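None of these values were measured; they are calculated from a predicted model. Below, all heavy atoms of this structure are taken into account, side chains as well, without hydrogens, waters or symmetry copies.
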Amino acid sequence: MKSLAFLWDKLEEILIVLSLALMTLVTFIYVVLNNAYQPFLMLADNYESLKPIAEPIALFIMTLAMEMTWSQALTKLFFGALIFLGASYGVRTAGHIGIDILIRKFSPNARRAISILACLLCLAFCALIIYASSGWIGAMYTADIGAEDLQDFNIKVWQIGMIVPIGFAMVFIRFIEVLLRLFRGQQNDLGLADEASDALKLNEEDKE
């Protein structure tokens with residue numbers, strides 16, 4: 001069971017890193033191509049002897065840049081995946097910021113009861129989004145609409161939309177894990193990040 005949980009956590013992290021890396025790589029290549037042809041055009045304009053070599057290179061790079069109309073759409077796709085995968089990762093690592101100044105005034109048992117209710121509401125919200133997005137994806141699958149600027153890759157709108165139910169399903173699983181820990185008494189809250197406490201710790205470390 002521990003091995004399965006370890007693989008699940010690693011898969012989540014790998015997908016996040018992969019989405020971020022691909023998004024950065026596509027953007028970097030597009031920016032480079034959009035600027036790389038200019039020096040060759042300048043060489044062709046200023047040095048007649050280099051024109052037969054520099055001008056074709058500039059036109060080749062310019063053509064590549066113009067053909068990358070799909071880069072922005074692909075970057076948005078990876079960014080969307082990063083958002084929903086990051087939401088799940090945030091629940092697991094207590095990365096989401098919580099406002100619990102009122103909750104802390106209650107006893108540990110009361111805090112746990114309130115946290116269980118909050119966790120159930122989070123699960124209900126995730127289930128609602130999964131259900132609603134699945135219906136929309138079903139309609140898009142039937143319509144078989146190609147994604148804008150990504151038709152050359154044969155990517156459909158419903159395939160991009162799958163990010164939403166998959167991402168919220170991962171968040172749902174993470175909240176199930178939190179709920180189980182609450183029932184077992186392993187924690188008394190949702191395990192959200194305490195920004196004020198983190199800031200105080202950093203301040204103390206700086207003083208040391």
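- Considering only residues two or more places apart in sequence or on other chains, Phe60 meets the ring pair (Phe, Tyr, Trp, His ring centres under 6.0 Å) condition with none of them.
- Residues passing the side chain to side chain contact (heavy atoms under 4.5 Å, CB included) test with Val17: none are found, sequence neighbours excluded.
- Applying the side chain to side chain donor-acceptor pair (under 3.5 Å) rule to Glu55 yields no partners; only residues at least two apart in sequence or on another chain are considered.
- Put simply, Leu11 and Ile166 are part of the same group of oily side chains (I, L, V, M, F, W, Y) that touch within less than 4.5 Å, one to the next.
- The side chain to side chain donor-acceptor pair (under 3.5 Å) test applied to Gln159 returns no partner, not counting sequence neighbours.
- Partners of Leu22 by side chain to side chain contact (heavy atoms under 4.5 Å, CB included), not counting sequence neighbours, listed by chain and number: Leu18, Phe78.
- Residue pairs meeting the salt bridge (Lys or Arg N to Asp or Glu O under 4.0 Å) criterion with at least one member in residues 26-47: none, sequence neighbours excluded.
- A search for ring pair (Phe, Tyr, Trp, His ring centres under 6.0 Å) contacts involving Phe84 returns Phe168, not counting sequence neighbours.
- Tracing side-chain contacts under 4.5 Å through hydrophobic residues (I, L, V, M, F, W, Y), one never reaches Ile14 starting from Val171; they form parts of separate clusters.
- Within the structure, the ring pair (Phe, Tyr, Trp, His ring centres under 6.0 Å) test picks out no pair touching residues 25-46 (sequence neighbours left out).
- With rounding to the nearest 0.5 angstrom, the CD1 atom of Ile160 is 12.0 Å from the CE atom of Met140.
- With rounding to the nearest 0.5 angstrom, the CE atom of Met170 is 12.0 Å from the OH atom of Tyr89.
- Note that OG of Ser71 is 8.0 Å distant from CG of Asn34, once rounded to the nearest 0.5 Å.
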List the atom pairs, donor and acceptor, that lie under 3.5 Å between side-chain atoms in residues 123-133 and the rest of the protein, sequence neighbours left out.
residue : atom : partner : partner atom : Å
Ser133  : OG   : Ile129  : O            : 2.7
Ser133  : OG   : Ile130  : O            : 3.2

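- Listed by chain and residue number, Phe79 satisfy the side chain to side chain contact (heavy atoms under 4.5 Å, CB included) test with Ile83 (two or more places apart in sequence, or in another chain).
- Under the salt bridge (Lys or Arg N to Asp or Glu O under 4.0 Å) criterion, the residue pairs touching residues 120-145 are Asp144-Lys156, with sequence neighbours excluded.
- For Asn109, the side chain to side chain donor-acceptor pair (under 3.5 Å) partners at least two apart in sequence or on another chain are Arg112.
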